[in-house]
Protein chains: 2
Amino acid sequence: MVFTLSVEKGRTAMSTAEETAGGEMQPWAEVTPDAARRLLVAAVEAFAERGYHATTTRDIAGRAGMSPAALYIHFKTKEELLHRISRIGHAKALDILRTAARGEGDATERLADAVSSFVRWHAGGRTTARVVQYELDSLGPDARAEIIGLRRQVDAEVRGIIQDGVAAGDFDVPDVPGTTLAVLSLCIDVARWFNVDGPRTPDEVGALYADLVLRMVGAGK
Amino acid sequence: MVFTLSVEKGRTAMSTAEETAGGEMQPWAEVTPDAARRLLVAAVEAFAERGYHATTTRDIAGRAGMSPAALYIHFKTKEELLHRISRIGHAKALDILRTAARGEGDATERLADAVSSFVRWHAGGRTTARVVQYELDSLGPDARAEIIGLRRQVDAEVRGIIQDGVAAGDFDVPDVPGTTLAVLSLCIDVARWFNVDGPRTPDEVGALYADLVLRMVGAGK
DNA sequence: CCTGAACCTGAGCGCCCGCTTAGATCCCCC
DNA sequence: GGGGGATCTAAGCGGGCGCTCAGGTTCAGG
């Protein structure tokens, strides 16, 4: 939808398009072998439901239809599972934002695009997003430091769009870093409250939030 | 600040004023006996740092300067500690919003007041707010149901202000429930990212967020 | 000075945790 | 058809968990 002309040379554009379009997503296709992927998906579900510390390795292995010991053939520790999940999830989130930030259109269009697709991902993939966004503290120091680096890139991407809008005179933002923080906070928290059985679809929430964010930055005055 | 004329007959107004004024808060004064309060404060700190499931009863008792067994004289289970913390915290949050919602002034002033004081509480009392807002799932079904009831009242309070503003023609809000959700989500998530050693004070974040929320509801067009 | 209630501790019970090890099974290539 | 690496399981180890209990300490009231 964004890369209409350069779709052939866009490596990431294709893989992104097929997932932001569909409701459910399988971003774990890159994980091999098959048994490792099943364990990882089981871990995402368990972590999202009960939290990292309340989840047992026996539960994860059980969901994947394996014995507890099988887990340790593919992953060194329980924490490595969380680390892998977190890294893949953050890479995906960053990819979504980059695609929107570097698309065509003015700052208003790009910000609306970024927010709506970012929110869609948090709502539609709530299970994954919840683990990715809220289990950061359960990682050890090294892994956490790596993930925090990715988060800084996420922040820079959004701040870049807002700065563009201010520079072009499209936005009215007194505090750019603070507003960036608030916009990201708003989007991320969707993973906490969004309910699949609730009244809103991910698309609707994405549209609502894009509108609210444009108001926050004073677009279209 | 809000009840200037009816301060004498306002039961809740006094206890609220002295806490929203000061930076640090001790809303645990009502908990007796003294040993129980010390255990409860220790539990708040431990839960906020490591999460409910990663906190051991030995850690809580140790922080309070007691043996693990002492905990069970004052609380039946570890979960009862979280329940008590959550109930007191939610009552406090609701009290803050009610005070702002029922104050004087038009909808714009009351919404700004509600958001800034609510955000100040989440930032200044981040330790408590974090436990209150993010450890809900660790409660059992009965306790969780009770807390969810309090959250609905919180939601109703904010929705009421926004509806007043729309009815008076001060706000421009296409989706009142959705915007209410977003406003509360924005405020609550402060407890996740706010850093005491960071560049912003709770007052500054409160002022920034009040401005952003007024933009979201289209006030002052 | 004694009593009994309130409070707290040392020791530890039973359980389940993350993780390991020895060996069975599968499947591909020769 | 048989050797060998990859994959999985049954069994269990050491340890820390939530929680309990018998007994010590404190202190107000008689």
Side-chain angles (χ1 to χ4, degrees), chain A residues 28-86 131 135-144, chain B residues 28-86 131 135-144:
Chain A
W28 314 114
E30 62 188 78
V31 180
T32 53
D34 187 77
R37 180 171 52 252
R38 278 188 294 132
L39 283 165
L40 203 126
V41 169
V44 169
E45 289 172 9
F47 291 162
E49 273 178 31
R50 307 149 96 107
Y52 175 78
H53 285 294
T55 299
T56 70
T57 53
R58 286 166 175 80
D59 181 26
I60 297 170
R63 286 174 192 248
M66 293 172 176
S67 81
L71 197 152
Y72 293 90
I73 295 164
H74 302 283
F75 303 94
K76 233 169 22 193
T77 63
K78 178 182 160 187
E79 195 198 319
E80 191 192 321
L81 269 166
L82 179 60
H83 186 191
R84 292 274 293 269
I85 292 168
S86 198
V131 177
E135 297 289 351
L136 192 98
D137 299 332
S138 304
L139 288 169
D142 294 353
R144 182 161 60 239
Chain B
W28 314 114
E30 60 187 79
V31 181
T32 54
D34 186 77
R37 180 172 51 253
R38 277 188 294 133
L39 283 164
L40 204 126
V41 170
V44 169
E45 289 172 9
F47 291 162
E49 274 178 29
R50 307 144 97 106
Y52 175 78
H53 286 293
T55 300
T56 70
T57 54
R58 285 165 176 81
D59 181 25
I60 297 170
R63 286 174 193 247
M66 293 172 174
S67 80
L71 197 150
Y72 292 90
I73 295 165
H74 303 283
F75 303 93
K76 231 167 28 192
T77 62
K78 176 182 160 188
E79 194 198 321
E80 192 193 321
L81 269 167
L82 179 59
H83 187 192
R84 292 274 291 270
I85 293 168
S86 198
V131 177
E135 297 289 350
L136 192 97
D137 299 332
S138 303
L139 288 170
D142 295 353
R144 183 162 59 237

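Just so it is clear, the values below take in all heavy atoms, side chains as well, and ignore hydrogens, waters and symmetry mates. Chain naming here is simple, since letters A, B, ... match the order of the sequence lines and numbering starts at 1 in each.
- Between A:K76 atom NZ and C:dC19 atom P the separation is 11 Å, expressed in whole Å.
- Shown here for B:I60 and B:A42, the closest heavy-atom pair between the two residues is O-CB, 3.6 Å.
- A straight line from NZ of A:K78 to C1' of D:dG16 spans 14 Å, rounded to a whole angstrom.
- In plain terms, the two heavy atoms of B:R50 and B:T55 that are nearest each other are CB-OG1, 4.0 Å.
- The two residues B:L82 and B:S138 have their closest heavy-atom pair at CD2-CB, 3.7 Å.
- A side-chain donor-acceptor contact under 3.5 Å links B:Y52 to the backbone of B:E79.
- The closest donor-acceptor contact from the side chain of B:R58 to the backbone of B:P68 lies at 3.5 Å or more, if one exists at all.
- Put simply, CZ on B:R37 is 14 Å from P on C:dC7, counting in whole angstrom units.
- Considering all non-hydrogen atoms of both residues, B:L39 and B:H74 come closest at CD1-CD2, 3.8 Å.
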Intra- and inter-strand pairs of DNA chain C in dot-bracket (Watson-Crick or G-U wobble, both distances under 3.5 Å; | for another strand): ||||||||||||||||||||||||||||||
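- Atoms CZ (B:R58) and C1' (C:dT9) sit 14 Å apart, rounded to a whole Å.
- Between B:D34 atom CG and D:dT26 atom C1' the separation is 16 Å, expressed in whole Å.
- We find that CD of A:E79 is positioned 19 Å from P of C:dC17, with the value rounded to whole Å.
- A donor-acceptor contact shorter than 3.5 Å links the side chain of A:R38 to the backbone of A:A64.
- Protein atom NE2 of A:H53 is 13 Å distant from nucleotide atom P of D:dG18, rounded to whole Å.
- Here C:dA24 presents its C1' atom at 12 Å from CD1 of A:I73, a figure rounded to the nearest Å.
- Of all non-hydrogen atoms in A:T77 and A:Y72, the two that sit nearest each other are CA-CE2, 4.1 Å.
- Taking the side chain of B:T56 as heavy atoms from C-beta on, and the options C:dC19, D:dG18, D:dC19, the nearest nucleotide is D:dG18.
- Across residues 65-72 of chain B, B:A69, B:Y72 each have a non-hydrogen atom less than 4.0 Å from an atom of DNA chain D (numbered order).
- Across all non-hydrogen atoms, the minimal contact from B:W28 to B:R37 is O-CD, 3.1 Å.
- Residue A:H74 has a polar side-chain atom (N or O) positioned under 4.0 Å from OP1 or OP2 of D:dC8.
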